[in-house]
Amino acid sequence: MDDLISLENKKWKIVGIFKAKGDPAESGALVRMEDFREVSARGTYSYIEIKADSPKNIPKLLKYVNMAFGMLHDEFPDAPAIMALPEKQYWRELAKMFKMAILVSKAKAAVLVVCALLFIMNISHSVLMKRTDEIRILSNSGVSRLGIVLCLLFEAVIVSVLAGII
């Protein structure tokens, strides 16, 4: 067979085509690991994705893949350990690794919110102290205390939103 396939700017010779007989472990591509690294343009691997043709075949596929990875690790003991996991379990395990980073990010966000609220309160207080004459005039004109407070809160929100946009 003289067919070639082009991948990553290199010509690869096809040496055979295998027909799967329904077993997930029998289908797939066989390639030397060095060639796989070259084709994927990486010095190492981060992950390999394998999809089962049917959910009922996942346990059998995992068993075969983990067995193959175990034999590979037995042959190359210095290589990092490799194992196959179902996708949902993989993402659960990955999420566990990032729990502390997520917690720190949430703490940073909470501190920023508190600082922003203190900043707004500080500005509102200084504005309120400078406007005592205007507040007195509004009060004497018959505007209720609730109306004055709502006007000041509305103004603070508008100023904060505009400042945030800027």
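Values below: all heavy atoms of this structure, side chains included; hydrogens, waters and symmetry mates excluded.
Note on Leu162: it does not cluster hydrophobically with Phe119, by side-chain heavy-atom contacts below 4.5 Å among ILVMFWY residues. Both Ile135 and Val143 belong to a common hydrophobic cluster when Ile, Leu, Val, Met, Phe, Trp and Tyr are linked at side-chain heavy-atom distances under 4.5 angstrom.
Rounded to the nearest 0.5 Å, atoms CD (Glu134) and CD1 (Ile148) are 11.0 Å apart. With rounding to the nearest 0.5 Å, the separation of CE in Met97 from CZ in Arg92 is 15.0 Å. Between the NZ atom in Lys108 and the CG atom in Leu112 there is a gap of 9.0 Å [rounded to 0.5 Å]. For the atom pair CG of Leu153 and CD1 of Ile158, the computed distance is 12.0 Å after rounding to the nearest 0.5 Å.
Within the 4.5 Å cutoff, side-chain heavy atoms of Met100 are placed close to those of Val104. Counting heavy atoms from C-beta outward, Asn140 and Arg136 have side chains that approach closer than 4.5 Å. For the pair Glu93 and Lys88, the minimum side-chain heavy-atom distance is 4.5 Å or more.
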Just do the side-chain contact (heavy atoms from CB on, under 4.5 Å) check on Leu103 and Lys99 with the steps written out, would you? CA-CA 6 Å; Leu103 183 64; Lys99 273 189 178 178; over 6 Å; no

